[in-house]
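We count residues from 1, following the sequence as given.
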Amino acid sequence: MTKPSENLEIPLGKRTAQYRFFEMLPAILSYGTLLLMVVLSVISPVAASIFLFLVIISLLVKAVGIAIRTIQGSSIMLKAQEVNWHKRLESLQNPKKSYAEIKNLHKNEFQWKDYLNELKYISKHPTDFPKPSDIYNAIIIATYNESYDILQPTVQSVLDTTYSNDRIILVIAYEERGVADTEKTVKRLQEEYKDKFFAFEIVKHPKDLPNEVIGKGGNITYAGRFLQKWLRDKQIKSEDVIVTTLDSDNRPFYSYFDCLTYQFIVHENRKHMSFQPIALFTNNIWDAPAPMRVVATGNSFWNVISSMRPHSIRNFASHSQPMDALEETDFWSTRTIVEDGHQYWRSYFRFKGDYEVLPVHLPIYQDAVLSDTFRKTLKAQFIQTRRWAYGASDVPYVASRVFTKDREVSFGSGVGHLIRLIDGNVTLATTAILVAFGGWIPLLVNPEAARSFTAHQLPNTVSSIQQIAMIGLFITIFVSFKILPPRPERYKKRRSFGMLIQWVLMPFTAIAYSASSALYSQGRLLFGKYLDKFDVTEKATIKDVDRVKQEKASKKKSTKSKSK
């Protein structure tokens with residue numbers, strides 16, 4: 001008998017003709033859009049101008065929406081951080097009593113009315129909702145070759161949350177293919193923290209398991225299966241366990257697990273939900289080079305914006321899901337390097353469309369890309385964005401399950417999801433390039449364009465529209481300073497000025513990282529050259545950077561001495 005999870009997997013080996021077509025489609029559309037601009041410029045500069053004008057107007061409309069959602073999302077996130085989620089969670093232990101005590105209060109607090117209504121409803125239907133004392137939070141921290149200096153603050157940040165540590169099951173998932181020091185590190189952490197949580201387990205993921213790409217998905221899935229057996233041995237019900245995956249550099253906001261558990265309890269359809277925090281890449285933002293700061297801040301704001309778009313929010317990086325739901329999907333995919341976003345589609349099809357991602361308006365802080373040298377950092381950033389852009393591989397996965405007679409989701413819903421997925425990937429690959437160079441293409445490839453008033457004025461028109469769009473950039477800059485962590489004492493005030501002028505690099509980073517990585521990943525899919533290895537983003541600390549600088553300085557000094 002075929003397990004349900006087997007029908008959820010990405011195919012291995014030769015694909016069907018339909019699957020291959022949809023693998024190729026993002027690249028065909030993306031490269032085709034860029035080529036179309038050139039072809040139109042040769043045939044009709046006026047037509048090229050109109051095409052580009054429509055693209056930029058569309059972008060301008062989106063930019064207005066993005067600016068509004070940036071303000072709204074960051075405001076909601078800051079308000080949510082002020083809530084005493086631990087107290088709210090505790091009130092669910094005896095909701096009838098809690099409601100009686102506060103029903104006449106009118107606080108200017110985040111979602112206060114919703115809170116009262118939830119207490120009231122649960123009071124009337126107590127058997128339909130679990131108690132906080134019934135729930136465990138299992139946290140899987142995935143690591144590869146990260147050092148103690150990276151992992152220890154993550155474990156400590158979990159310990160320092162306001163959620164009860166005796167309801168936390170901590171699991172560190174590490175790789176057999178990693179260096180020997182990693183095993184020493186996780187065992188050291190287990191020894192230091194084993195008595196501070198309900199349980200602290202370490203799980204080694206064997207290398208070269210069949211039907212697995214080299215990636216995080218296989219590691220956390222192996223840990224998930226271990227956890228499944230462990231819970232059964234402890235006679236803990238899967239429906240009472242929330243599983244959160246963390247990367248080795250993640251630091252959850254101190255009340256995240258209280259808020260998560262609260263949201264898990266008050267939603268009756270909890271099994272068919274994922275809970276998505278806001279990933280902010282600010283842990284080491286002051287230490288990262290300027291291009292990486294721009295990319296990291298842009299990604300942070302995209303996650304803030306996504307929290308305001310329930311129809312399009314997806315699993316990303318760290319996310320939480322009920323254990324019983326994970327068991328039904330056999331945890332995460334072991335065949336893709338983008339297991340986080342892909343988990344949305346596995347769950348969506350497993351539950352026949354009855355699935356949603358609920359935003360948790362609290363952050364989990366992550367590292368911006370930082371290696372021990374500037375050149376390695378630039379390369380590592382591209383590797384990270386390339387991996388994210390490989391989410392285009394979900395297009396054939398979704399299409400093959402929508403365009404089939406065995407379809408188990410609504411056709412309209414499935415097609416709508418597919419169109420948004422394709423549009424997002426094509427927009428990522430083309431918009432920055434068209435905005436930066438599109439206005440000049442007619443003049444460069446067609447001498448006749450110089451005689452066309454429309455084409456001749458196109459660069460000026462594009463520039464004017466870009467100036468209007470700058471309003472959105474100013475909003476982003478303003479809000480970015482509100483979410484920045486305090487400037488470390490090791491940096492002088494001029495570092496803050498650098499945080500401001502860094503934004504002149506945004507056109508460069510948009511093309512060099514966002515667009516280029518999308519075109520690269522889609523090109524791999526076009527030619528069937530699949531990315532089958534999760535290239536881990538190197539995580540260096542400022543200590544590592546300083547050490548390398550000192551070594552270089554010492555080596556240079558030694559060389560000079562010898563030359564004398």
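The shortest distance between side-chain heavy atoms of Ile285 and Phe281 does not fall below 4.5 Å. The shortest side-chain heavy-atom distance between Thr161 and Tyr256 does not fall under the 4.5 Å cut-off. By the 4.5 Å heavy-atom criterion applied to side chains, Ile483 and Phe301 are counted as neighbours.
Taking the six-membered ring where the residue is Trp, His361 and Phe110 present perpendicular rings, their angle passing 60° and hence far from 30°. Between Tyr344 and Tyr348, the ring planes are parallel. Angles under 30° get that label, and only those over 60° would be called perpendicular. The aromatic rings of Phe198 and Tyr136 lie tilted to each other, with the angle between the two planes from 30° to 60°.
Taking every heavy atom of both residues into account, Ile265 and Pro130 meet most closely at CG2-O, 3.4 Å. Across all their heavy atoms, Ala279 and Gln366 have their closest contact at CB-OE1, 3.4 Å. The two atoms that bring Glu146 and Ser248 nearest to each other are CG-OG, 3.0 Å, heavy atoms only.
Here the two rings, on Tyr121 and His125, have centers that are under 6.0 Å apart.
Taking CG from Asn84 and OG from Ser255, the interatomic distance works out to 8.0 Å, rounded to the nearest 0.5 Å. Taking NZ of Lys194 as the reference point, atom CG of Leu189 lies at 13.0 Å (rounded to 0.5 Å). In this structure, CZ in Phe226 is found 9.5 Å from CD1 in Ile202, a value given to the nearest 0.5 Å. Between the CZ atom of Arg350 and the OG atom of Ser347 there is a distance of 10.0 Å, given to the nearest 0.5 Å. For the atom pair CG (Leu260) and CZ (Phe275), the distance works out to 6.5 Å, reported to the nearest 0.5 Å. Between the CG atom in Asn165 and the CZ atom in Phe200 there is a gap of 12.0 Å [rounded to 0.5 Å].
Side-chain contact, Thr244 with Asn137: no donor N or O sits under 3.5 Å from an acceptor N or O. A donor-acceptor contact closer than 3.5 angstrom links the side chains of Asn269 and Asp354. Donor-acceptor pairing under 3.5 Å is lacking for the side chains of Tyr174 and Thr185.
The residues Asp258 and Lys87 are annotated as not salt-bridged, no charged nitrogen and carboxylate oxygen being separated by less than 4.0 angstrom. Contact check on Glu192 versus Arg188 returns a salt bridge, with a Lys/Arg side-chain nitrogen under 4.0 Å from an Asp/Glu carboxylate oxygen. A salt bridge links Glu23 with Arg20: at least one charged nitrogen is closer than 4.0 Å to a carboxylate oxygen.
Side-chain N or O atoms of Thr182 include one that pairs as donor or acceptor with a backbone N or O of Tyr144 at under 3.5 Å. Between the side chain of Gln72 and the main chain of Ala67, no donor-acceptor pair closer than 3.5 Å is present. Not one N or O on the side chain of Arg387 forms a donor-acceptor pair closer than 3.5 Å with the backbone of Phe534. The closest donor-acceptor contact from the side chain of Ser75 to the backbone of Ile71 lies at 3.5 Å or more, if one exists at all.
Checked against His342 for a ring pair (Phe, Tyr, Trp, His ring centres under 6.0 Å), the options Trp332, Phe349, Tyr397 give a single hit: Tyr397.
The salt bridge (Lys or Arg N to Asp or Glu O under 4.0 Å) contacts involving residues 209-234 comprise Lys216-Asp247, Lys216-Glu339, Arg225-Asp330, Lys229-Asp233, where partners must be two or more places apart or lie in separate chains. The side-chain hydrogen bond (donor to acceptor under 3.5 Å, both in side chains) analysis of residues 95-110, with sequence neighbours excluded, yields the pairs Arg88-Glu109. Screening residues 266-277 for salt bridge (Lys or Arg N to Asp or Glu O under 4.0 Å) gives Lys271-Glu328 as the qualifying pairs, with residues at least two apart or on separate chains.
Summarising the local packing, NZ of Lys131 is surrounded by more than 12 heavy atoms from other residues, nucleotides or ligands at distances under 6.0 Å.
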